[in-house]
Number of protein chains: 2
Amino acid sequence: MLNDNSSDFGINWGQYGHLVEELTIPAKTTLLHEGDVSKNAYFIKKGCLRLWFNNNGKDVTFQFFFENYGVSSIESFQSGQPSLFSIESIEPSTLLVISKANMDLIIAGLPGYQELMQAHILQRMHHYAKLFLSRIKNNPQERYLELLADSPHIVQRVPQHYIASYLGITPVSLSRIRNKVLVDKK
Amino acid sequence: MLNDNSSDFGINWGQYGHLVEELTIPAKTTLLHEGDVSKNAYFIKKGCLRLWFNNNGKDVTFQFFFENYGVSSIESFQSGQPSLFSIESIEPSTLLVISKANMDLIIAGLPGYQELMQAHILQRMHHYAKLFLSRIKNNPQERYLELLADSPHIVQRVPQHYIASYLGITPVSLSRIRNKVLVDKK
DNA sequence: GCGACACGATAACAATTGTTAAGAAATTCT
DNA sequence: AGAATTTCTTAACAATTGTTATCGTGTCGC
């Protein structure tokens, strides 16, 4: 639970702080299983999460989230449909949790919340578009270098096999690319 | 120019029919050059168009349009920013053309037009999401078979090298895949 | 009809990436 | 600290895809 002055979600919770729970989890904890209906939205105080889906037995990671980001299967959360992906912690993490019911209360009473959700959705769409263009325009090595340039924190904090999955290649191939990039630099 | 009873854009033009021009073009005609600002929106009465962009000298086709579809670089058309892609005819085509100025007139006066534009944008976004997931989940052969199953008309009407570009492979590779699929069937 | 051009198949070779396996290095847990 | 687990690298080989080039067919415009 949070005190009334909390502004941890990027907004002032005011009288709604008591509707938000704090949750601490170890690494590799699944917050939402693919196929289940999302009942909570999360905000990362400390740690790191990933979104992934099962593709014929293969783990495909397609987005990472770090501190001060809101994370949810927004489509499932809002529509009650089964989620198309899982949400899992990469590091031990401290999260804020809001249930659907409490979220509805907040949306009804807190000005500016609707806009925050809109922005959240647009952000997700923009991410999809970028991923698609990156796959079309760049080969795996170029995608890796782009990630390194645009999001060095991801490469530093996230285990390599998740990165490989994100880039659409195997961990072995990523290791080779990293080695090649190193050699080329010398 | 159209008579007042035209409903060629999926709506009744009513008094606005005179704002729409008809245009007939041969194959391989560029309607909008990548980098230019889009001044017109098009509707296909007969024929077939493609959207493509230049990626380091390579022609990347990412969407096809046929009869009864509206086509535009909607972002450029609405914002006045340079278009990120070109629009080009594949077959000789007959189009309806609306200028930005006339479009604004229509939007101001015709109820339901705003919604039509919204739907147009959502359609484009949905297409992007599908393309991205297809690249992640399927290899080139699977993507080809999926296209064959979902959109056989595209495979039938569009020259193979555009399809190859759309699938993210070379024409040579597509030819091999087609041959392999044929052999496997026997 | 004829020449120019576009289109598609195929071959040979190169380059990239996947697969499998083994072992080293780092991290986590007790 | 020591064991167990995870993570990363490397190697050898297979499979896929790209590159380049050639050839045959068809189609379009004049």
Side-chain angles (χ1 to χ4, degrees), chain A residues 24-30 47-48 50 52 55-61 64 88-93 134-145 148 154-184, chain B residues 24-30 47-48 50 52 55-61 64 88-93 134-145 147-148 154-184 186:
Chain A
T24 298
I25 54 173
K28 298 200 183 193
T29 303
T30 296
C48 156
R50 71 185 179 108
W52 68 279
N55 181 37
N56 294 114
K58 281 175 190 167
D59 178 316
V60 178
T61 298
F64 302 105
E88 189 184 292
S89 61
I90 294 176
E91 304 172 355
S93 302
S134 175
R135 296 265 170 153
I136 284 199
K137 304 186 86 144
N138 306 129
N139 63 27
Q141 175 167 334
E142 288 164 343
R143 289 205 292 278
Y144 172 69
L145 291 175
L148 205 57
I154 293 184
V155 180
Q156 280 163 14
R157 272 177 83 170
V158 174
Q160 208 161 298
H161 62 282
Y162 294 137
I163 308 250
S165 158
Y166 179 83
L167 295 173
I169 55 180
T170 60
V172 177
S173 190
L174 177 54
S175 180
R176 276 192 293 236
I177 287 171
R178 282 165 58 91
N179 187 29
K180 192 180 165 197
V181 169
L182 261 176
V183 171
D184 286 357
Chain B
T24 297
I25 54 172
K28 298 199 182 194
T29 304
T30 296
C48 156
R50 71 186 179 108
W52 70 279
N55 181 36
N56 293 115
K58 281 176 191 169
D59 178 317
V60 177
T61 298
F64 302 105
E88 189 184 292
S89 61
I90 294 177
E91 304 172 355
S93 302
S134 176
R135 295 266 169 155
I136 284 200
K137 303 184 86 144
N138 305 130
N139 63 31
Q141 175 167 335
E142 289 164 341
R143 288 205 294 278
Y144 172 68
L145 291 175
L147 185 69
L148 206 56
I154 293 184
V155 180
Q156 280 161 17
R157 272 177 84 170
V158 173
Q160 206 161 300
H161 62 282
Y162 294 138
I163 308 250
S165 159
Y166 178 82
L167 294 173
I169 55 179
T170 60
V172 176
S173 189
L174 177 54
S175 180
R176 275 192 294 236
I177 286 172
R178 283 165 59 92
N179 187 27
K180 192 180 164 195
V181 169
L182 261 177
V183 171
D184 287 355
K186 286 178 189 169

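Letters go in sequence order (proteins before strands), and every chain restarts at 1. Here the structure is a predicted model, which is why all the values come from computation and not from measurement.
- Summary of the strand contacts: B:G168 and B:P26 both lie near DNA chain D, and taking for each the nucleotide with the nearest heavy atom, the more 5' one is attributed to B:G168.
- Here the side chains of A:I163 and A:R178 are not in contact, with every heavy-atom distance at 4.5 Å or above.
- The nearest whole Å value for the distance from the CD1 atom in B:I25 to the P atom in D:dC28 is 16 Å.
- Using a 4.5 Å heavy-atom cutoff, the side chains of B:Y144 and B:K180 are not in contact.
- Residue B:Q141 contributes atom CD, which lies 20 Å from atom P of C:dT17 at whole-angstrom precision.
- For the pair B:N138 CG and D:dT17 P, the interatomic distance rounds to 12 Å; values are reported in whole Å.
- In this structure, B:I177 and B:L167 have side chains that are not in contact, with every pair of non-hydrogen atoms separated by 4.5 Å or more.
- Residue-to-nucleotide proximity on DNA chain C shows that, of B:K28 and B:P171, the 5′-proximal contact is made by B:K28.
- One finds a side-chain N or O of B:H161 lying less than 4.0 angstrom from the OP1 or OP2 phosphate oxygen of C:dG8.
- Rounded to whole Å, the distance from CD1 on B:I177 to P on C:dA9 is 12 Å.
- Side-chain N/O atoms of B:N179 include one lying less than 4.0 angstrom from OP1 or OP2 on C:dT10.
- Separating the CD1 atom of B:I169 from the P atom of C:dG8 is a distance of 13 Å, rounded to the nearest angstrom.
- Comparing D:dG18, D:dC8, C:dG18 against the side chain of A:T170 picks out C:dG18 as the nearest.
- Along DNA chain D, the nucleotide closest to B:S173 and the one closest to B:A27 are compared, and the more 5′ of them pairs with B:S173.
- Of all the heavy atoms in B:C48 and B:V158, the pair that sits closest is SG-CG2, 4.3 Å.
- Not one side-chain nitrogen or oxygen of B:K180 sits closer than 4.0 Å to the OP1 or OP2 atom of C:dA9.
- Among the heavy atoms of the strands, none lies under 4.0 Å from A:L174.
- Contact check for A:I154 versus A:Y166: no side-chain heavy atoms found under the 4.5 Å cut-off.
- Counting non-hydrogen atoms under 4.0 angstrom, B:P140 reaches the backbone sugars and phosphates but no base.
- When each of B:V172 and A:P92 is assigned the nucleotide of DNA chain C bearing its nearest heavy atom, the one mapping closer to the 5' terminus is B:V172.
- When the C1' atom of D:dT7 is taken as reference, atom CG of A:D59 falls 15 Å away, rounded to whole Å.
- If you measure from atom CG of B:L167 to atom P of D:dG18, you get 11 Å, rounded to the nearest angstrom.
- Within the nucleic acid shown, B:S175 comes within 4.0 Å of at least one base atom, counting heavy atoms only.
- Computed from coordinates, the A:K58 NZ to C:dT20 C1' distance equals 13 Å when rounded to whole Å.
- The minimum heavy-atom distance between B:S89 and B:I25, with the atom names listed, is CB-CD1, 3.6 Å.
- If you check distances only, the side chain of B:R176 does reach the base of D:dG18 with a donor-acceptor pair under 3.5 Å.
- Taking every side-chain heavy atom of A:Q160 into account, D:dT9 is the closest of D:dT9, C:dC7, C:dT17.
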